[in-house]
Every structure is written in structure tokens, then in C-alpha cells.
Number of protein chains: 2
Amino acid sequence: MALDHAILVSLLEKPGSGYELARRFDRSIGYFWTATHQQIYRVLKRMEAEGWVDVRDVPQQGRPDKKEYSVSASGLTALAEWLQKPIQPESVRHELAVKIRGAAFGDPAALVGEVERHRRMHQEQLAHYLAGERRDFGGSGAAGAPEPEAPGSGRPDAERELQHVVLRGGIAYERMMIAWLDDVLATLRRLGPRR
Amino acid sequence: MALDHAILVSLLEKPGSGYELARRFDRSIGYFWTATHQQIYRVLKRMEAEGWVDVRDVPQQGRPDKKEYSVSASGLTALAEWLQKPIQPESVRHELAVKIRGAAFGDPAALVGEVERHRRMHQEQLAHYLAGERRDFGGSGAAGAPEPEAPGSGRPDAERELQHVVLRGGIAYERMMIAWLDDVLATLRRLGPRR
DNA sequence: CCCAGCATGTAACGGGTTACATGATTAG
DNA sequence: CTAATCATGTAACCCGTTACATGCTGGG
């Protein structure tokens, strides 16, 4: 289970509250791992009990107080151990592919709208990634852009480079999906309506 | 939840036992949806109770008897209804990406072996898909290859075309992953060992 | 004789999802 | 006044995973 470790990585990049983590999971971390606030609170509580994270009450004005979590020494050790262990390849889950194969037993043309909708969503996600890349990693060429967020406890250069390569993975994924959905649309249109 | 519908699609393509379904989920259907035999038996029992599938005892010689499941009329209706409903985009889960970002707080070079391992697995999966494509959908050009499996109750041409376009999606995915993992490897090597 | 394959299951555990709950402040 | 944002939580349910169990046949 990687949610624990995803949270550790996020807290190492920048300490924060459960609420803040939930928002990060809707954004940068969410590019490759999703979690709701319920899951996050549950895991934070468990990790606190195990001593992987430290908590600090932060009073705020104009807002509710919050608990700021940060990674403890033993949490860092746990992460390092996990990094050593091989993981098995993720099992794929493409509900849309189930639908596409299922369309042979319904009306292929009826799926066109749905596939177009997915294509649009991937297009938006791609635009979002590209905007983030431009903002955080400079226009095109060399480095030199200021860090958008305070770097965590690691080497700032490694942190940035690795965040960037993961983002490039997201970009490649969205491009691949868009191209494939075009292929799917052409196929559905060629098949036409139910006999 | 799509496991129900993935099973319905597989049974429409060809009726079979829980055991046979489990093997298909390790192969063709498993390209985009995974399931273990325990899940499959559980769902088959539920769908039988709901009347989505019919069961037929098939005595065999030299092997244990089996229960052959096939989709009932109401199962087909349920599938058609599900095809109409929009689904939300799959939430991404890339454990390897968590590790890559986590490597900034450990030793980036130590991840190289693991990433190479994943690259090899994707290469094998790609080879497997390409072999399947050559076998089932002809060398390169036009159609004309004999169906490798008896077609289900739909239009055979639509069934084949849609299976092929899903397979092309798998192929595109593996190619994208291999290219991205090369990018990751180059990045990790550039960063070198822990300071 | 033992292992691999065929075939079907039960049990337990943990994670993910959805719904519900509370309470404060600020902006429209 | 109402809605949105910040902030933390409980409860229930289902799904996915892992381990265990049974029994038969054929091949090395």
C-alpha cells in the first residue's frame, strides 16, 4: 500500500495539515495517486501512532486551527526501506475499454459522445499539466526558474528534476490517451450504428 | 463498479466457467481489467441471483465438471443500460511515480535497478501484445485472417474491430511507458548517487 | 510419488468510496 | 442571508487481496 508513502513524500516536500494534503492530492501529487481527505486523516492518525510523523498544533486567526504534520526520523527510515523493496507493476483498470468492447453487443455509435467527453477531459488535463510545466520548470530550455514552492529536506535540484520527470510522464500519458481516443472514435464511426 | 460488466462482456464474447473467466482475465480481458478467481466467483454468484446470467452444469471426462455461465436477456439489458451511463475518468495510481519523487529523499541511484526492472516488464508486455496482434489481426495490412475464437452474439466484424482498437490502446500504453522509463533512467543517472 | 493443471469455493483483512456531521469565517 | 472555504472527523459498505481448503486427473 503506497498511500502512506505518498503522504510521507508530500510531507517531506512540505509539511502541512490533513486538509492541505487533501488539496495537494487534488493537484500535483494527484497526478499519479489519488486520495480523499477521509483516507488521509485515517492514515495520518495511524502514522502518528506509529511515530512516522510529528504533529504540531498551529493556531490561526480568521481560520480554524490546524495540525501541521511533518515526517519524523523513523518515518524517513520507513520511506527509505520502502524505496528498496521491489513493487509489482500496477494492475490496469480501464473502465472505458470495457465499454468499448461491450459496444459490440449494443450500439457502437452510441458510445461516440462518451468517448468524445473523455477525450475532452484528457485534453484539459494535458493543458493543465503543460501550464504547470511552463510555470514551474521554465519555458523550454535551461533551468534557472525560481522554485515555486520552498524545497523540502532533500537536495533541491534532485527534488525539482524528479518532480519534473514525473510530470513529463503525466504529459506523455495524456498525449497517448488523446491519440488513442482518436483511433477509437474513428473505429466507432467506421462501424456506424447498430446494424 | 465495472467487474460485473467486464464479466458480462467476456461471457457475451464466449460463455464459460468461472475458472475459464479467471484465465481470460489473466490474458485478453486482463489487458484493461484484472480480477482474481475469488472475485469472479463472488460476482458470478451475485449475478446469478440477480438473473443476469444463466448457469448450465457441464459434465466433463478427465476433468472436474464445470458450471458454464452465459448472459441472460436481463443481463444484456443491464449491460446496455450501463453503456449509456457516463463514467468518470479513472483515478490514476502509479506507485512507481511515488517512488521516483521519494527518491529525492533517499538515494536516486538506488532506484535505477528497480526502474530497469519495470522497463523490462513493459517490454515483455509489449512483445506479448504485438504477438497477439499478429496472431489475431493479421500481419499488417487488410483484414481476412480467420477469427481465432468463435464470435459471440454480436456482429463479428464489430467485435473484432473493437477488440483490436482496445489492443492498440494497450500497445500504445506500453510504448509510452517504455519511452518514459528511459527518460526516468536518464534523469536518475544524471542526478547520480546521494550527494 | 509428486507436481501441475482443472475446478470451485470460504474466511479474514484492509483500503477506497460515499454519506453524514460539525463549526468557524469571509465574500457576495 | 447564503454560499464557499477552511478544518477535522465518524460510520457503513463494498471491493480487492491473500491465505487457506478440497478433490480429481495426467504426466514425469
Side-chain angles (χ1 to χ4, degrees), chain A residues 1-8 11 15-27 29-30 32-50 53 55-69 82 87-95 98, chain B residues 1-7 11 15-27 29-30 32-50 53 55-69 82 85 87-95 98:
Chain A
M1 180 233 351
L3 178 54
D4 302 45
H5 304 98
I7 289 176
L8 287 177
L11 287 178
S17 68
Y19 187 85
E20 284 164 349
L21 282 169
R23 276 185 312 156
R24 287 186 221 169
F25 272 87
D26 284 338
R27 310 207 280 121
I29 308 285
F32 52 88
W33 202 268
T34 54
T36 59
H37 77 274
Q38 291 87 344
Q39 284 175 268
I40 291 166
Y41 285 123
R42 204 201 254 155
V43 172
L44 281 175
K45 197 163 277 182
R46 188 176 62 224
M47 289 201 296
E48 191 192 340
E50 282 175 44
V53 292
V55 201
R56 195 169 63 95
D57 274 334
V58 178
Q60 296 184 117
Q61 41 196 10
R63 305 169 167 203
D65 298 351
K66 66 176 181 179
K67 298 183 190 171
E68 195 183 78
Y69 290 87
W82 177 72
I87 51 181
Q88 59 220 35
E90 353 274 325
S91 53
V92 191
R93 292 276 154 93
H94 281 295
E95 208 169 351
V98 178
Chain B
M1 179 232 351
L3 178 54
D4 302 46
H5 304 98
I7 289 175
L11 287 179
S17 68
Y19 188 86
E20 284 164 349
L21 282 168
R23 276 185 311 157
R24 287 186 221 170
F25 273 86
D26 284 338
R27 312 208 277 120
I29 307 285
F32 51 88
W33 203 268
T34 52
T36 58
H37 78 274
Q38 291 87 345
Q39 283 175 267
I40 291 165
Y41 284 123
R42 204 200 256 156
V43 172
L44 281 175
K45 198 164 276 181
R46 188 176 63 223
M47 290 201 296
E48 190 191 342
E50 283 176 42
V53 292
V55 202
R56 194 170 63 94
D57 274 334
V58 177
Q60 296 185 115
Q61 42 196 10
R63 306 170 166 202
D65 297 352
K66 67 176 181 180
K67 298 183 191 171
E68 196 183 76
Y69 290 87
W82 177 73
K85 292 201 295 195
I87 51 180
Q88 59 219 35
E90 352 274 327
S91 53
V92 192
R93 293 277 155 92
H94 280 295
E95 209 169 350
V98 178

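Model, not experiment: these values are computed from the prediction. So you know, we letter chains A, B, ... as the sequences are listed, proteins then strands, and number each from 1. Values reported hereafter were calculated over all heavy atoms of this structure, with side chains retained and with hydrogens, waters and symmetry mates removed.
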Smallest separation among heavy atoms of His94(A) and Trp33(B), with atom names: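 Shortest heavy-atom separation between His94(A) and Trp33(B) comes out as N-CE3, 3.8 Å.
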Of all heavy-atom pairs between Asp65(A) and Gln60(A), which one has the smallest distance, and what is that distance? OD1-N, 3.1 Å
Starting at atom [atom1] of [X], determine the distance to atom [atom2] of [N], rounded to an integer number of angstrom.
X	N	atom1	atom2	answer
Leu21(B)	dC6(C)	CG	P	14 Å
Arg56(A)	dA7(D)	CZ	P	14 Å
Gln88(B)	dG16(C)	CD	P	16 Å
Leu44(B)	dC15(D)	CG	C1'	15 Å
Phe25(B)	dC15(D)	CZ	P	14 Å
Glu95(A)	dG16(D)	CD	P	11 Å
Asp26(A)	dC6(D)	CG	P	11 Å
Glu90(A)	dG16(C)	CD	P	13 Å

For DNA chain C, whose closest nucleotide is more 5', that of Gln60(B) or that of Leu3(A)? Gln60(B)
Check this one for me: any side-chain N or O of Arg63(A) less than 4.0 Å away from OP1 or OP2 of dT25(C)?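 Checking Arg63(A) against dT25(C): no side-chain N or O falls below 4.0 Å of OP1 or OP2.
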Pro15(B) side chain reached by Glu68(B) side chain, heavy atoms, under 4.5 Å: yes
Which atoms of nucleotides 8-15 of chain C (N or O only) lie under 3.5 Å from a protein N or O atom, and what are those distances?
from	atom 1	to	atom 2	distance (Å)
dT8(C)	OP1	Lys67(B)	N	2.9
dT8(C)	OP2	Tyr19(B)	N	2.9
dT8(C)	OP2	Tyr41(B)	OH	2.9
dT8(C)	O5'	Tyr41(B)	OH	3.3
dG9(C)	OP1	Lys67(B)	NZ	2.9
dG9(C)	OP2	Lys67(B)	NZ	3.4
dG9(C)	N7	His37(B)	NE2	3.4
dG9(C)	O6	His37(B)	NE2	3.1
dG15(C)	OP2	Arg46(A)	NH1	3.4

Just do the side chain to side chain contact (heavy atoms under 4.5 Å, CB included) check on Tyr41(A) and Thr36(A) with the steps written out, would you? CA-CA 9 Å; Tyr41(A) 285 123; Thr36(A) 59; over 6 Å; no
Tell me whether Arg93(B) is salt-bridged to Glu90(A), with the criterion being a basic N under 4.0 Å from an acidic carboxylate O.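 No, Arg93(B) and Glu90(A) are not salt-bridged.
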With a 4.0 Å cut-off on N to O distance, would you call Lys66(A) and Asp57(A) a salt bridge? no
